[in-house]
Amino acid sequence: MSTDEKTRDALSGAAIPQQNDPAQIVKTGSALDIVFWIVALALLVGATLINQYLPAYWAPGSNVWVRIGAIVACIVIALGLLYATHQGKAFAILLKDSRTELRRVTWPTKQETVSTTWQVLLVVVVASLILWGFDTIFGWLIQSIIG
C-alpha cells in the first residue's frame, strides 16, 4: 500500500486529513536540536547540584527560597528547550493524541469494577491454595526420599 493510498478513504477515495505525524517530526531533527538537548541536560544536572553547591559560591544562595527559585528556573528553562526540539514537539502531539484517545475509552461501571475485583481475588486465593498444596506435597515427597 503506497503512502498516497493510506491518506485516502477506502470507500469514497476522499483525502483523509492528516495531523502532524510524530514519527515524521522526530525524523526531521536538526543540529540545533542537539544543542538544545545538551543545554537542557546540563540545566537539569545543574538543578540537582544547586542545593549543595550554590551557597558556597553565591551568598544569597544560602536562602532556601533562592535555591528553590534557581532549581525551578533551571527545570522550566530545560523543559522549554526540550519542547523547542523536534522530539519535544512530537511528544506534545503524542500527549494531545493520547488525551483524545482517553476520551474515547469506555470505562467500566462501579458494579463491573467491584465484580471483576472479586473475581480476581477469588482466582488469586484459589491459585495460591493450589500452589501451597503442591509445595507441601513435593516438600513431603523430597523429605521422605532424602530421609
Side-chain angles (χ1 to χ4, degrees), residues 1-139 142:
M1 184 181 281
S2 70
T3 306
D4 187 48
E5 291 175 17
K6 291 180 185 176
T7 60
R8 301 228 169 249
D9 184 33
L11 296 176
S12 66
I16 299 172
Q18 298 293 310
Q19 291 184 346
N20 292 333
D21 183 17
Q24 294 300 325
I25 293 173
V26 169
K27 290 179 183 176
T28 60
S30 67
L32 188 59
D33 285 349
I34 296 170
V35 173
F36 283 170
W37 273 96
I38 292 170
V39 173
L41 289 175
L43 283 169
L44 291 174
V45 168
T48 63
L49 300 174
I50 283 176
N51 197 42
Q52 183 175 359
Y53 293 109
L54 188 63
Y57 296 104
W58 190 43
S62 298
N63 185 345
V64 70
W65 294 108
V66 170
R67 289 187 304 224
I68 289 173
I71 291 170
V72 169
C74 284
I75 292 172
V76 168
I77 293 169
L79 291 176
L81 287 173
L82 290 176
Y83 176 74
T85 65
H86 285 81
Q87 294 87 357
K89 287 182 176 64
F91 184 69
I93 292 170
L94 177 70
L95 288 178
K96 181 181 171 191
D97 292 345
S98 298
R99 186 172 179 214
T100 303
E101 288 298 321
L102 276 175
R103 287 191 204 125
R104 295 180 186 170
V105 172
T106 303
W107 297 101
T109 64
K110 181 179 179 182
Q111 178 60 34
E112 291 171 335
T113 304
V114 170
S115 173
T116 306
T117 301
W118 281 114
Q119 291 170 7
V120 168
L121 285 173
L122 181 65
V123 168
V124 167
V125 168
V126 169
S128 63
L129 288 173
I130 290 171
L131 290 173
W132 172 77
F134 282 141
D135 182 51
T136 303
I137 291 169
F138 286 135
I142 296 296

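The chain is numbered in sequence order, starting from 1.
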Could you give the distance from CD (Glu101) to CG (Leu94), rounded to the nearest 0.5 Å?
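Glu101 CD to Leu94 CG: 10.5 Å, rounded to 0.5 Å.
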Rounding to 0.5 Å, atoms CD1 (Ile130) and CG (Asp135) come to a distance of 13.5 Å
Mind checking whether [X] and [Y] have side chains closer than 4.5 Å, heavy atoms only?
X: Ile38; Y: Ile34; answer: yes
X: Trp37; Y: Leu32; answer: no
X: Leu82; Y: Phe36; answer: no
X: Val66; Y: Trp58; answer: yes

What are the two closest non-hydrogen atoms of [X] and [Y], and how far apart are they?
X: Thr85; Y: Asp33; result: CA-OD1, 3.3 Å
X: Pro55; Y: Gly61; result: CG-O, 3.4 Å
X: Arg67; Y: Ile50; result: O-CG2, 4.1 Å
X: Leu54; Y: Ala70; result: CD2-CB, 4.3 Å

Keeping Gln52 on the side-chain end and Leu49 on the backbone end, is there a donor-acceptor pair under 3.5 Å? no
- prompt: Between Thr113, Val114, Thr116, which is the residue that forms a side-chain contact (heavy atoms from CB on, under 4.5 Å) with Pro108?
  reply: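 Among the candidates, only Thr113 passes.
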